[in-house]
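Inspection log for the structure reproduced underneath, given as structure tokens.
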Amino acid sequence: MVDVSAKAETTRVAVAAGLLRTTPEVVALVRADDLPKADVLSTARIAGISGAKKTSELIPLCHQLALSSVDVRFGFAEAAITIEARAKTKGPTGVEMEALTAVAIAGLTLHDMVKAVDPAAVLDGVRLLTKDGGKRGHWERPDLASSDDAAVSADSPATAHSPSGRRHSDAVHHATHSGEGSRTAVVVVASTGVAAGTRVDKTGPVLADWLAGLGFSVRGPLVYADADIAAGLRDALDGTPGLVITTGGTGASPSDATPEATLAVLDRELPGVAESIRRRGTAAFPLAALSRGVAGLSGTTVVVNLPGSSGGVRDGIAVLEPLLDHLLAQVAGGGRHE
């Protein structure tokens, strides 16, 4: 066991992710909490936290750590449940293994909960996203495909496709050749009806699926009632992702508060992005001019508001896709004005 007693004690944080590939039917059942084993996500979350706390017992030669916090969260794609874990401590060694173990145990618990409906479900892509603290400071998963990613066979039925339906090798290729900048993204849905379970979210999964197909590591959709969207943005910005996209709450009704909540966290606006999305929408649907969505930078995170309609999201995707790589590269300091 490595002696770390000479290392400085610093605050250390690690974020890991993975996903359970399953069927759209299982995703719908989990979201509706309608599986034979009920309360699936709460059970998997507790299992992931417990796994992080027991990492030194599960992995030989792993140091025992006094964890300050462990957070396990889930999101949904069309045919997958995404898992993200954030572990934090103050000590002489990192918490990467605790975050990874939390993802793995949460994923295995999800598998146990859904196997009666889908025994072919696959836990996939368990990987470290970021780590902070210690002598090396901040580390972020590089855009270049890692050896593990490159080892995924394009012919493997279990892992050949991303949640978007694109081949995994295509998604990795896109990430490899994209501009510099963080390839982490968070999708936030502002909808009181979806948060209450009285409406089905038809926009968040589309955005998450699209971003995953572009090679982003995606958290969410995170669903918040309109009145709670400010808390949703704070949640999304935690960990400093490269991109946050919101959907919903951009209209003129009294409950629509997404633009105001977004402006409160922005350091600089990107008015051209928001105007381009509105302009594209109004070309086919004049009422799109009523959207008050904004875009801008919160530190090094790009934040974009999209309307809560399927058409508004399609317009946003069409505008953003050709801009994203260059925009993220500029924010990261590597963009060129060619």
| Short question: side chain of Thr89, backbone of Ala66 - any donor-acceptor pair under 3.5 Å? | yes
| Between Lys88 and Thr11, is any pair of side-chain heavy atoms under 4.5 Å apart? | yes
| Straight-line distance of Leu211 CG to Glu321 CD, nearest 0.5 Å | 9.5 Å
| task | Examine distances only and state if a side-chain atom of His63 and a backbone atom of Gly94 form a donor-acceptor pair shorter than 3.5 Å. | result | no
| task | Please check if Val188 and Leu41 belong to a single hydrophobic cluster, counting links between Ile, Leu, Val, Met, Phe, Trp and Tyr side chain heavy atoms closer than 4.5 Å. | result | no
| task | Taking salt bridge (Lys or Arg N to Asp or Glu O under 4.0 Å) as the test, write out the residues that go with Lys131, two or more places apart. | result | Glu96
| Would you call Asp71-Arg86 a salt bridge at under 4.0 Å N-O? | no
| Has the side chain of Asp267 got a donor or acceptor atom that lies under 3.5 Å from a matching backbone atom of Gly299? | yes
| query | At their closest point, which heavy atom of Ser191 faces which heavy atom of Asp226, and how far apart are they? | reply | N-OD1, 4.0 Å
| Under a 4.5 Å cut-off applied to non-hydrogen side-chain atoms, are Glu84 and Val103 in contact? | no
| said: Check whether Ser298 reaches the backbone of Thr301 with its side chain - one donor and one acceptor, N or O, closer than 3.5 Å. | reply: no
| Does any N or O in the side chain of Arg127 come within less than 3.5 Å of the main-chain N or O of Gly125, such that one atom is a donor and the other an acceptor? | yes
| Asp256 (side chain) donor-acceptor with Ser253 (main chain) under 3.5 angstrom | yes
| task | Take Leu65 and Glu98 through the test side-chain contact (heavy atoms from CB on, under 4.5 Å) and record every step on the way to the result. | result | CA-CA 9 Å; Leu65 297 180; Glu98 283 71 15; 3.5 Å; yes
| request: Given side-chain contact (heavy atoms from CB on, under 4.5 Å), test Leu270 with Leu327 step by step and report yes or no. | output: CA-CA 10 Å; Leu270 295 168; Leu327 174 57; 4.1 Å; yes
| message | For the NZ atom of Lys54 and the OG atom of Ser50, what is their distance to the nearest 0.5 Å? | response | 7.5 Å
| query | What are the two closest non-hydrogen atoms of Val313 and Val206, and how far apart are they? | reply | CG1-CG1, 4.2 Å
| task | Check the side chains of Thr109 and Asp112 for a donor-acceptor pair under 3.5 angstrom, ignoring hydrogens and angles. | result | no
| message | Under the criterion side-chain contact (heavy atoms from CB on, under 4.5 Å), I'd like the reasoning laid out for Val114 against Val30: C-alpha separation, chi angles, the key distance, then a yes or no. | response | CA-CA 8 Å; Val114 309; Val30 171; 4.1 Å; yes
| Same cluster for Val304 and Val331 if Ile/Leu/Val/Met/Phe/Trp/Tyr side chains link at under 4.5 Å? | yes
| query | What are the two closest non-hydrogen atoms of Arg12 and Val95, and how far apart are they? | reply | O-CG2, 3.8 Å
| Same cluster or not: are Leu110 and Val72 linked, directly or through other Ile, Leu, Val, Met, Phe, Trp or Tyr residues, by side-chain heavy atoms under 4.5 angstrom apart? | yes
| Side chains of Leu222 and Val187: closer than 4.5 Å at any heavy-atom pair? | no
| hydrophobic_cluster_shared for Val15 and Leu128, side chain cutoff 4.5 Å | no
| request: Could you walk me through whether Leu306 and Ile277 pass side-chain contact (heavy atoms from CB on, under 4.5 Å), step by step? | output: CA-CA 8 Å; Leu306 296 182; Ile277 294 169; 3.6 Å; yes
| task | Would you indicate whether the side-chain heavy atoms of Val244 and Val302 approach each other to under 4.5 Å? | result | no
| task | Please name the residue in the list Leu243, Thr262, Ile245 that meets the side chain to side chain contact (heavy atoms under 4.5 Å, CB included) test with Val303. | result | Thr262
| Under 3.5 Å side-chain donor-acceptor pair for Asp118 and Thr23 | no
| task | Tell me yes or no: between the side chains of Asn305 and Thr258, is some donor less than 3.5 Å from an acceptor? | result | no
| query | Taking side chain as C-beta onward, heavy atoms only, is Phe216 less than 4.5 Å from Thr184? | reply | no
| query | Which pair of non-hydrogen atoms, one from Trp139 and one from Leu129, has the smallest distance, and what is that distance? | reply | CZ3-O, 3.6 Å
| said: For Cys62 versus Ser56, what's the shortest heavy-atom pair and its separation? | reply: O-CB, 3.4 Å
| What is the distance from atom CG of Leu61 to atom CE of Met97, rounded to the nearest 0.5 Å? | 11.5 Å
| query | With hydrophobic residues grouped by side-chain heavy-atom distances under 4.5 Å, do Val294 and Leu320 end up in a single group? | reply | no
| message | Between Thr55 (side chain only) and Gly51 (backbone N and O only), is there a donor and an acceptor less than 3.5 Å apart? | response | yes
| remark: Separation between CG (Leu297) and CZ (Arg268), nearest 0.5 Å, reads 5.0 Å
| said: Could you tell me if the side chain of Leu19 sits less than 4.5 Å from the side chain of Ile83, heavy atoms only? | reply: no
| Chi angles and distances behind the side chain to side chain donor-acceptor pair (under 3.5 Å) call for Thr203, Asp201 | CA-CA 6 Å; Thr203 57; Asp201 174 23; 3.1 Å; yes
| Backbone N or O of Gly75 within a donor-acceptor pair of the Thr82 side chain at under 3.5 Å? | yes
| request: For the pair Ser291 (side chain) and Ala288 (backbone), establish whether a donor and an acceptor sit closer than 3.5 Å, ignoring hydrogens and angles. | output: no
| said: So that I can tick it off, tell me whether Glu140 and Arg183 are bridged by a salt bridge, with the cut-off set at under 4.0 angstrom between side-chain N and carboxylate O. | reply: no
| Are any of the side-chain heavy atoms of Arg314 and Ile317 separated by less than 4.5 Å? | no
| query | What pair of heavy atoms forms the shortest contact from Ala208 to Gly220, and how long is it? | reply | CB-O, 4.3 Å
| query | So, Asp228 side chain and Ala231 main chain: donor-acceptor pair closer than 3.5 Å or not? | reply | no
| message | Around atom CD of Gln64, are there more than 12 heavy atoms from other residues, nucleotides or ligands closer than 6.0 Å? | response | no
| said: For the CD1 atom of Ile59 and the CG atom of Leu100, what is their distance to the nearest 0.5 Å? | reply: 8.0 Å
| query | Are Asp238 and Arg219 close enough for a salt bridge, meaning some N to O gap below 4.0 Å? | reply | no
| query | If we only count heavy atoms from C-beta on, is the Arg45 to Ile49 side-chain gap below 4.5 Å? | reply | yes
| task | Supply the atom-to-atom distance Arg31 CZ to Ile81 CD1, rounded to the nearest 0.5 angstrom. | result | 10.0 Å
